[in-house]
Q: 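Okay, here's the structure, questions in a sec.
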There are 2 protein chains.
Amino acid sequence: MAKDTLRVIPLGGLGEIGRNMMLLEYGDDIIVIDVGLMFPEEEMLGVDLVIPDFSYLRDRKENLRGIFLTHGHEDHVGALPYFLREFNAPIYSARLTDGLIRVKLQEHRLLQEVATNVVAPGEVVEAGAFSVEFFTVAHSIPDACGLIIRTPLGPVVHTGDFKLDHTPVMDQHTDLIRLGQIGAEGCLLLMADSTYAEQEGYTPSEQLVGDALRSIIVNAQGRVIVATFASLISRVQLVVDAAVFTGRKVFVTGRSMIDNVAMARQLGYINAPDGVIIGVEEMRNTPPSRLIIITTGSQGEPTSALTRMANGDHRHVTISKGDTVVLSSSPVPGNETAVYRNVDNLFRLGADVLYNRISNIHVRGHASREELKIVQALLQPEYFVPIHGEYRHLVVHAKLAETVGVPAGNAFVLTDGDVLEIDEENAYTGERVSASYVYVDGLGIGDVDQHFLRDRAHLATDGVVVVMVSVDKQTGKLERPAEVLTRGFIDADEREDLIERCREVCEKSLAGVSHYAEFSDVNNRIRDAVSKFLYDETRRRPMVLTVTVEV
Amino acid sequence: MAKDTLRVIPLGGLGEIGRNMMLLEYGDDIIVIDVGLMFPEEEMLGVDLVIPDFSYLRDRKENLRGIFLTHGHEDHVGALPYFLREFNAPIYSARLTDGLIRVKLQEHRLLQEVATNVVAPGEVVEAGAFSVEFFTVAHSIPDACGLIIRTPLGPVVHTGDFKLDHTPVMDQHTDLIRLGQIGAEGCLLLMADSTYAEQEGYTPSEQLVGDALRSIIVNAQGRVIVATFASLISRVQLVVDAAVFTGRKVFVTGRSMIDNVAMARQLGYINAPDGVIIGVEEMRNTPPSRLIIITTGSQGEPTSALTRMANGDHRHVTISKGDTVVLSSSPVPGNETAVYRNVDNLFRLGADVLYNRISNIHVRGHASREELKIVQALLQPEYFVPIHGEYRHLVVHAKLAETVGVPAGNAFVLTDGDVLEIDEENAYTGERVSASYVYVDGLGIGDVDQHFLRDRAHLATDGVVVVMVSVDKQTGKLERPAEVLTRGFIDADEREDLIERCREVCEKSLAGVSHYAEFSDVNNRIRDAVSKFLYDETRRRPMVLTVTVEV
């Protein structure tokens, strides 16, 4: 590559939701923006997490000048512990983000080995050929930032996750003035959040939720239980404010909610008068009409506090008639089934349940189309790369950009592993780099591949049949009837006839073997014959595994 | 039960989406309304279909007076072939519904054994203590009907699936006058569709889609490909109308679309001038700007025509730049991933894709809240049972009914297997009847149970490990090293060390066995030791299966 070329290399988050990670490279200098994780999709059976593919950096470790984190959500910082096992560079982020990742790095015993740095909005960090300035954006977690990255070719703006919010709850708006200044200066490249690029109009302000919550709490006769994201500190503040307004006490439950509320109060991100937030003993002595419970579980997570309440097995909270449960969230795609199962179960227990489809108790944290146009209008970038989103989100965002002024052909729909090269004259896509899914499963990182997942899918569909045969060393004949074991396929006790005929099929399948053949041949013959027999009998295709012993 | 009691017994579709089936019983007379199937939910691994539980009818076969079908969708008629293996009674339905089920029964070779009867709206069928009148409703398939069921206690109205549509495309509106007449007479019980009871306002008319489709087709430079439900005949008519309007030809692809269009033209439900619908040869010779393709696959079904186009392996249609693909549908819950994967892939191939989130090209077939209120106002029923929907839909529909006049306590939220008993004085829930999920998997009906599904889920998560040991008959010692086989767990070639240590663990686990023990004891010892060892090493929990042979 030419020395005076800026290379933009997404390693995650483009063409998918989650595991956001972007590289900028100029000469021998590389900076990383975000190192996020993705929760596995439905077909990634048994996988715990998905992280970006770091291969491209493995030969360039010494070029890494800094890691810049836009905000503290898992899809932006969650893969950091895996990244830091192999790579090291100073980490820069805003105050709350720093607090959150330090907890995470401590857990992974990595805190001693890395330098984390708190950066204030407006502050500039030098990193090789780049200098990076943080600016505030409105999003569903405090201290979310975008980045202005000065490069030898001109300024690059990366929005991080953002929306516009002119009446934010925690006084954190998107810094439109700073964007206008960069626009005046001449923005080389804009990379902007595409998550809600399909959504017409404007995303409502967080203040709207405050009004709705207060009205629900004022009107509720009994206990009010509010579930939301543990990182959505502004929402917790709204609930605390409503509690103060109505003279109620607040009990907090769910591990991550307890931790986040404690941390946020300590750092000054939640303002709660003394005595409003109470412990379990005081909760027991507070009448329902004077109580609000804030809980995790708004996404239907199986072991979360709200799911335990919905299943009737929460240690401290038993749902009953008179309770009002507010799901102050909307289901993240893929979580719908779990979320609505909780809603159904809470209704069954007699609670009144308010959720996104029937009440205005959540607003999104991402910009809708009119907001995206405003950012384009302020920056008027020469080049545009839509980031954060599935392929269609990127496409509709690129089309939007072209309708509001990005020159035709200058909006690049990249996906993970694509490389955009920008020089003084021009921008073009270069040779791709590796950007596979890297699966974390238990202690294994990257050892689970498509082959495993196909096997797991096969096992999940029709179960497994194990056939064990003892073959006579001399004659190659079966020494005794085959052993047949099944799981998830048929009820072997009720279908003893089928098992018996399966044994006969094994025996017949070896009829042509006159002398001792290879194990693999014996195994193949048995597997093919048994698979065919079972399919003909049941129209199911269990995975057939064969073990042959020689006696 | 008292002789003069009406019993309302839902066997499917209440507390879930799909497999709709309702029984009405009075004295020795039973009628069945709909016998639908449900497509399996995510956790029903490997299951093909879910059908209602017919147990309650098994002791009462001779009481069955008739089977009444509201319309031809699979969730209302799909389990009929399974039902008719055990039960027989005259089947009554409107003309198109009859056409559709006759095809289905023919396939299952059941047509000779049952009497199917076409019933016109307004016609009355006598069935024991009941007399049943069909009335037209607007829905996303022609000839959809509701039922007015006269019982000795008064009239019962069952809406089937419905919406109001004052400007329907095929002249089929919901018969509000007939509902008003029953209301005037005094409606004992209303059972109404709850699918969209969460949705505020009115469901738009099908005519709206016609306007949008015509405008898209007029403006498209190249080929237009429209995907929708094969049973949504009115939508197909709209596309044909737009083709005629713009002078385009129509090519139909996808097995069920081809069959349904042929059947609908034959029965007069689609009106297409000669020469508008063309075959594959003529399509090849038609310029893209003069062509519309109608296809299946709007739900992302893996083997559908649209999915094949999106994957670049459709036999006749290769997607390229210039094509406009219209998904005239919205994803049924659970299908989102598959639908949006197709959208992404079609964008990747260069097509312009219009889908529900960015364009008004679909309307729902179910009534929203204001429409539900109108039906309540026309019928003013004494009792109300919300039908068709997950538990929360039923709850919000019952609440809605109480706000518009159903006496407090007279709206009953039932779920499958509940029994509502109504007598001259009162209504109350009686003893429940069996209403389990009955799974169809291959040729098996009802043999797959929760135990199977748990095993399949276990296999899907971390795969399987098979351990085979040969034990000496006399000593109970291992006669040779264990054989270890894995699938979906680890790469056995790369982790030969782990397999080797696993063999050692097997050997050690039997160390205390001084004489020949029970097989089951040997198996348990090995399984427990191997499971623990593998979890400690990998933090994964494969299913461990052990086979012991005695030599």
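Quick note: numbers below take in every heavy atom, side chains included, and nothing from hydrogens, waters or symmetry partners. Residue numbers begin at 1 in each chain, while the letters A, B, ... track the order of the sequences.
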Q: Using heavy-atom distances under 4.5 Å, tell me whether B:Val396 contacts chain A through its side chain, its backbone, both, or neither.
A: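 Side chain of B:Val396 only, per the 4.5 Å heavy-atom cut-off to chain A.
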Q: With only heavy atoms counted, which part of B:Thr546 is less than 4.5 Å from chain A, the side chain, the backbone, both or neither?
A: backbone
Q: Contact part of B:Gln199 toward chain A, heavy-atom cut-off under 4.5 Å: side chain, backbone, both or neither?
A: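 Neither part.
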Q: Counting only heavy atoms closer than 4.5 Å, note whether B:Glu41 contacts chain A via side chain, backbone, both or neither.
A: side chain
Q: If you measure from the Lys or Arg side-chain nitrogens to the Asp or Glu carboxylate oxygens, is any gap between B:Asp352 and A:Lys399 under 4.0 Å?
A: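 Yes, this pair counts.
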Q: Quick one, B:Arg392 and A:Val353 - any side-chain contact, counting heavy atoms below 4.5 Å?
A: no
Q: What part of B:Arg348 gets within 4.5 angstrom of chain A, counting heavy atoms only: side chain, backbone, both, or neither?
A: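 Answer is both: backbone and side chain atoms of B:Arg348 are under 4.5 Å from chain A.
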Q: Within this structure, what is the CD1-CG distance for the pair B:Ile358 and A:Leu400, rounded to the nearest 0.5 Å?
A: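 Those atoms lie 11.5 Å apart.
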Q: Taking A:Arg456 for its side chain and B:Gly488 for its backbone only, find out whether a donor-acceptor pair lies under 3.5 Å.
A: yes
Q: Shortest non-hydrogen contact from A:Thr461 to B:Asp441?
A: O-OD2, 4.5 Å
Q: I want to check something: taking the side chain as every heavy atom from C-beta on, are B:Leu485 and A:Val466 in contact at a cut-off of under 4.5 Å?
A: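 The answer is no, as the side chains (C-beta and beyond) never meet within the 4.5 Å cut-off.
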Q: Quick check on the interface: out of A:Val395, A:Val47, A:Thr415, who has the most heavy-atom pairs with chain B under 4.5 Å?
A: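 Maximum pair count with chain B is reached by A:Val395.
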Q: I'd like to know which of A:Ala460, A:Ser470, A:Gly463, A:Gly442 tops the heavy-atom pair count under 4.5 Å against chain B.
A: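 Winner by heavy-atom pair count: A:Ala460.
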Q: Checking B:Asp462 against chain A: side chain, backbone, both or neither under 4.5 Å from a heavy atom?
A: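 It is both, since atoms from each part get that close.
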Q: What part of B:Glu198 gets closer than 4.5 Å to chain A, counting heavy atoms only: side chain, backbone, both or neither?
A: both
Q: What distance separates A:His393 NE2 from B:Arg357 CZ, expressed to the nearest 0.5 Å?
A: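 Taking NE2 in A:His393 and CZ in B:Arg357, the distance rounds to 5.5 Å.
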Q: Of all heavy-atom pairs between B:Phe452 and A:Arg540, which one has the smallest distance, and what is that distance?
A: CE2-NH1, 4.3 Å
Q: Can you see which heavy atom on A:Val549 is nearest to which on B:Met468, and at what distance?
A: CG1-CE, 3.1 Å
Q: Can you tell me if CZ on A:Arg364 sees more than 12 non-hydrogen neighbours from other groups inside 6.0 Å?
A: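 Above 12, so yes.
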Q: Tell me, for B:Tyr340 versus chain A, whether the close heavy atoms (under 4.5 Å) come from the side chain, the backbone, both or neither.
A: both
Q: What part of B:Val464 gets within 4.5 angstrom of chain A, counting heavy atoms only: side chain, backbone, both, or neither?
A: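 Its backbone and side chain both get close to chain A.
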Q: So, taking the atom named CG in B:Leu459 and the one named CE in A:Met543, what distance separates them when rounded to the nearest 0.5 Å?
A: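 One finds 9.0 Å between CG of B:Leu459 and CE of A:Met543.
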Q: For a quick test of reading the model, state the closest non-hydrogen atom pair linking A:Asp455 to B:Arg487 and the distance between them.
A: OD2-CD, 3.6 Å
Q: In the structure I gave you, are the side-chain heavy atoms of A:Val343 and B:Tyr391 within less than 4.5 Å of one another anywhere?
A: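 Of all side-chain heavy-atom pairs linking B:Tyr391 with A:Val343, none is under 4.5 Å.
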Q: Go through the atoms of B:Arg454 and report whether side chain, backbone, both or neither lie under 4.5 Å from a heavy atom of chain A.
A: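 Contact with chain A is absent: no heavy atom of B:Arg454 under 4.5 Å.
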Q: Using non-hydrogen atoms only, which part of A:Asp447 is less than 4.5 Å away from chain B: side chain, backbone, both, or neither?
A: side chain
Q: Non-hydrogen atoms of chain A under 4.5 Å away: do they reach the side chain of B:Asp536, the backbone, both or neither?
A: backbone
